[in-house]
Amino acid sequence: MSRLFCWRAAGLAVTLFLGAAAAAQVPAAAPEDPYLWLEAVQDEKALAWVRERNAATRAQLHAQPGYEALRSRLRAVLDSAERIPTVARHGAWLYNLWRDPQHPRGVWRRTTLPEYRTPQPEWETVLDLDALAKAEGENWVWGAASCLAPAHRRCMISLSRGGADAKVWREFDTVDKAFVRNGFTLPEAKSSVEWLDGDTLLVGTDVGPGSTTVSGYPRLQQRWRRGQPLAEARTVFEVERSDVGALVEITRTPGAEATVFVRYVNRFEQRRFLQLPDGKLQPIDLPPDAQMWLWGPQLLVQLRSDWPLEADQHHPRGALLAIDFKAFQRGERRFVRLFEPTPARSLAGITTTRTHLLLNLLDNVSSRLEAWRLEQGRWQHRPIATPTPGSLSLLSLHEPQLADDPLAEAVLLTHSGFTTPDTLFLADARSGRLDALKALPAFFDATGVRVEQHFARSKDGTRVPYFVVWPQGATADGMNPTLLYGYGGFEVSQRPRYLATYGRGWIERGGVFVLANIRGGGEFGPAWHQAAVKAGKQTSYDDFAAVAEDLIARKITRPAQLGIEGGSNGGLLVGAVMLQRPELFNAVVCRVPLLDMKRYHRLLAGASWMAEYGNPDKPEEWAWISAYSPYQNVKPGAKLPPVLFTTSTRDDRVHPGHARKMAARMAEQGHATLYYENIEGGHAGAADNDQRAEMLALGFAFLWQRLGGR
């Protein structure tokens with residue numbers, strides 16, 4: 001459940017990942033840190049320490065009654081042939097990456113939409129990753145495919161070793177089903193790739209000293225021609241080494257083509273530049289923290305801060321604005337406001353077809369859908385009826401480069417809820433019609449399971465929502481094993497989702513599951529996030545503790561049976577709250593966490609997160625970071641709940657040294673700790689379904705061991 005971010009340059013899906021440099025460099029250390037040696041990821045002494053703790057953790061948790069049966073049941077969910085195949089359109093084909101017991105690494109395969117609509121589609125294998133890994137002696141894990149439209153015969157495919165963020169890119173022919181001899185190839189790095197034409201790429205990658213930022217991202221965008229050595233590729237855009245990185249966004253709508261270079265100053269601030277026909281770059285004059293998209297001739301802007309323009313043009317943060325892009329570039333600023341947030345409503349995402357803009361809205365953390373269309377110069381909108389409550393995710397099937405696209409208004413829409421298995425619909429944006437295509441089976445017995453939404457009162461008086469998923473027969477007697485999950489960072493919302501594995505491992509066995517919508521997330525728009533960044537980060541921890549207190553006050557559980565879990569930024573959350581309010585909990589599952597906030601910005605790409613946490617090298621900022629940084633605040637003699645740390649050796653996003661050092665320090669101080677480090681897996685913690693099942697089962701075994709008794 002940890003939150004991932006990745007580089008993707010695909011229309012409206014451009015996001016910035018929180019990844020890291022491929023090599024785990026160990027900077028000069030503070031002498032007071034006796035466990036710095038554990039930051040040397042592949043050092044034999046450090047790996048011996050890992051193996052010893054892995055063995056101890058397996059020995060203890062594998063011995064729990066029913067462990068193997070639980071692990072098998074979790075693996076069955078992950079491997080189920082009844083899963084909905086997630087697809088991406090490339091020309092006439094829908095492609096899917098499928099893993100099962102016969103193909104643990106996966107097969108990249110394809111089918112047509114008519115075939116996909118059948119109960120049992122016929123799939124054509126394009127690339128078998130298991131066969132490739134065996135032939136090449138590599139532990140390849142699938143990354144992504146960037147294909148050249150409209151034919152989509154040539155694709156750049158990314159593969160990682162063991163699930164790391166750093167990937168190798170190789171040119172692939174989808175007709176010959178083979179890598180192109182002497183084709184484009186990029187060595188392992190954090191790279192971005194965009195096709196310009198059949199013989200030209202725009203690439204951002206590591207091409208030697210000075211080509212990456214301090215955070216490990218590409219600093220340059222280069223125009224690379226077929227047959228040209230990469231070292232001779234022409235630089236067309238570059239950013240500062242102190243920036244996060246450089247990206248390019250390409251809009252391919254006929255008549256409205258555009259290439260926009262993006263300077264990511266930090267996670268929330270960008271500077272964008274339109275490439276003119278003569279190659280010069282023209283700044284796009286927007287607030288630096290605004291998000292923007294080009295949709296045909298329209299410029300769409302979502303604000304993260306208030307934007308005062310003229311007297312009658314004051315736009316609030318969280319609003320979505322639209323204007324003709326050419327008019328905007330001429331200096332016009334008469335935006336149409338398509339969405340304005342309220343205390344209960346926020347914009348979760350946008351999806352486009354040829355003529356419709358679909359807004360995925362959150363109303364008290366439940367999804368709603370609106371369709372907007374520009375007709376004769378006037379914007380018109382209407383709601384689209386979708387299943388509710390729950391969460392919606394949308395994928396447009398439209399390809400702008402196709403003049404006569406039969407799927408120009410088609411969208412794949414998925415609805416999900418805590419106890420409602422995912423249902424996939426084919427939606428028509430014009431009519432609003434939804435045709436059910438596929439549905440997950442029930443992976444756990446939800447008979448008698450009920451979902452409630454409650455609000456806790458945080459330390460500053462703010463009402464903080466959370467969801468409670470009650471197992472069958474549970475009552476508010478204060479004796480329920482309860483797992484509280486949270487994240488609270490980077491404007492990422494925690495929405496209802498089908499709890500397939502948590503249903504089997506926790507709810508079906510009598511556990512209460514709680515999802516907290518604390519500040520730092522995006523559930524109520526930018527303001528909800530901004531209340532818990534930098535000097536306000538403690539707000540996330542106060543909110544999480546308030547939810548725990550509310551669970552106890554409502555007699556949903558008691559401290560002896562309340563556990564908490566979080567990953568990545570959520571790992572920092574549970575690490576901090578564990579130390580601040582240990583009396584509230586009896587178990588902590590801390591996955592792929594940040595914990596040493598004194599050095600986080602020096603480990604891998606931590607510098608790219610300073611817009612969220614602050615700079616610990618500045619005394620005034622270290623003053624607030626030091627108050628919650630777990631590694632600096634854990635002390636001997638404190639009565640702390642037992643904790644299970646999990647991470648991955650191949651995590652090149654959040655350095656495994658965070659978890660290693662915290663586990664070592666806590667053990668030295670006499671605290672009850674378990675530690676498990678998967679050798680593969682990257683930031684996801686696992687590279688295949690067998691590893692995923694193991695990581696999940698270890699967590700559930702630990703939680704039941706600590707919280708199971710009544």
- When Pro387 is tested against each of Thr420, Thr423, Leu434 for side-chain contact (heavy atoms from CB on, under 4.5 Å), which residue passes? Leu434
[X] to [Y] - nearest heavy-atom pair and separation:
X: Leu247; Y: Ser192; answer: CD2-CB, 3.6 Å
X: Thr118; Y: Pro114; answer: CG2-O, 3.5 Å
X: Trp142; Y: Leu129; answer: N-CD2, 3.4 Å
X: Arg73; Y: Glu508; answer: NH1-OE1, 2.9 Å
X: Ser493; Y: Gly522; answer: OG-C, 3.0 Å
X: Thr351; Y: Leu395; answer: CG2-C, 4.4 Å

Using a strict threshold of under 4.0 Å (side-chain N to carboxylate O), is an ion pair present between [Y] and [X]?
X: Arg430; Y: Asp428; answer: yes
X: Arg225; Y: Asp199; answer: no
X: Arg272; Y: Glu249; answer: yes
X: Glu409; Y: Arg373; answer: no
X: Glu188; Y: Lys167; answer: no
X: Arg252; Y: Glu257; answer: no
X: Glu171; Y: Arg226; answer: yes

- Quick one: do Phe184 and Trp224 satisfy ring pair (Phe, Tyr, Trp, His ring centres under 6.0 Å)? Show the steps, please. CA-CA 9 Å; Phe184 287 115; Trp224 186 23; 5.0 Å; yes
- Query: Val107 versus Val126: any side-chain heavy-atom pair under 4.5 Å?
  - Reply: no
- Item | Minimum side-chain heavy-atom gap Thr174-Tyr95 below 4.5 Å | yes
- Message: Applying side-chain hydrogen bond (donor to acceptor under 3.5 Å, both in side chains) to Asn517 and Gln494, what does each step give before you reach the verdict?
- Response: CA-CA 6 Å; Asn517 300 117; Gln494 296 298 299; over 6 Å; no
Answer yes or no: are there more than 12 heavy-atom neighbours, outside [X] itself, under 6.0 Å from its atom [atom1]?
X: Lys134; atom1: NZ; result: no
X: Arg433; atom1: CZ; result: no
X: Gln401; atom1: CD; result: yes

- Item | Reported CD-to-CG distance for the pair Glu370 and Leu357, which is rounded to 0.5 angstrom | 10.0 Å
- List the steps, then state whether salt bridge (charged side-chain N to carboxylate O under 4.0 Å, His left out) holds for Lys177 with Glu124. CA-CA 11 Å; Lys177 300 180 183 178; Glu124 176 186 352; 2.5 Å; yes
- Parallel, tilted or perpendicular, as decided by the 30° and 60° cut-offs, for the rings of Trp108 and His90: perpendicular
Using atom types as modelled and distance alone, determine if a side-chain donor or acceptor of [X] lies under 3.5 Å from a backbone N or O of [Y].
X: Gln270; Y: Gln291; result: no
X: Asn96; Y: Thr86; result: yes
X: Gln302; Y: Leu320; result: no
X: Gln453; Y: Asn364; result: yes
X: Thr253; Y: Ala256; result: no
X: Trp293; Y: Val301; result: no
X: Asp130; Y: Gly106; result: yes
X: Glu194; Y: Val203; result: no
X: Asp165; Y: Asp652; result: no
X: Arg71; Y: Tyr67; result: no

- Query: side-chain contact (heavy atoms from CB on, under 4.5 Å) between Thr259 and Thr251: does it pass, once the steps are laid out?
  - Reply: CA-CA 6 Å; Thr259 298; Thr251 302; over 6 Å; no
- Task: Output every pair passing salt bridge (charged side-chain N to carboxylate O under 4.0 Å, His left out) with a member in residues 88-104, not counting sequence neighbours, ordered by first then second residue.
- Result: Arg89-Asp405
- Pairs in or reaching into residues 348-358: which pass salt bridge (charged side-chain N to carboxylate O under 4.0 Å, His left out), with residues at least two apart or in two chains? none
- Message: ring pair (Phe, Tyr, Trp, His ring centres under 6.0 Å) for Tyr498 and Phe444? Distances and angles first, verdict last.
- Response: CA-CA 10 Å; Tyr498 185 55; Phe444 69 98; 5.6 Å; yes
- Taking only residues at least two apart or on different chains, which pairs with a member in residues 142-202 satisfy disulfide (SG to SG under 2.5 Å)? Cys147-Cys155
- Task: For Tyr502 and Phe700, run side-chain contact (heavy atoms from CB on, under 4.5 Å): C-alpha distance rounded to whole Å, both residues' side-chain angles, the deciding distance at 0.1 Å, then the answer.
- Result: CA-CA 9 Å; Tyr502 279 69; Phe700 290 133; 3.8 Å; yes
- Contacts of Arg170 that satisfy side chain to side chain donor-acceptor pair (under 3.5 Å) - sequence neighbours left out: Glu136
- Step-by-step side-chain contact (heavy atoms from CB on, under 4.5 Å) determination, Glu115 to Leu94: CA-CA 10 Å; Glu115 187 66 28; Leu94 299 181; over 6 Å; no
- Message: Apply side-chain contact (heavy atoms from CB on, under 4.5 Å) to residues Leu358 and Ile384 and explain how you reach the verdict.
- Response: CA-CA 9 Å; Leu358 303 178; Ile384 292 181; 3.9 Å; yes
- Query: So Arg153 and Asp176, salt bridge (charged side-chain N to carboxylate O under 4.0 Å, His left out) or not? Walk me through it.
  - Reply: CA-CA 9 Å; Arg153 174 169 181 168; Asp176 294 341; 3.5 Å; yes
- Query: Without hydrogens or angle criteria, can the side chains of Thr414 and Asp422 be said to hold a donor-acceptor pair below 3.5 Å?
  - Reply: no
- Query: Is there a donor-acceptor contact under 3.5 Å linking the side chains of Thr200 and Asp197?
  - Reply: yes
- Sequence neighbours excluded - side-chain hydrogen bond (donor to acceptor under 3.5 Å, both in side chains) pairs with any residue from residues 380-393: Arg368-Thr388
- Message: With ring pair (Phe, Tyr, Trp, His ring centres under 6.0 Å) as the rule and sequence neighbours excluded, what pairs involving residues 385-430 come up?
- Response: Phe418-Phe467
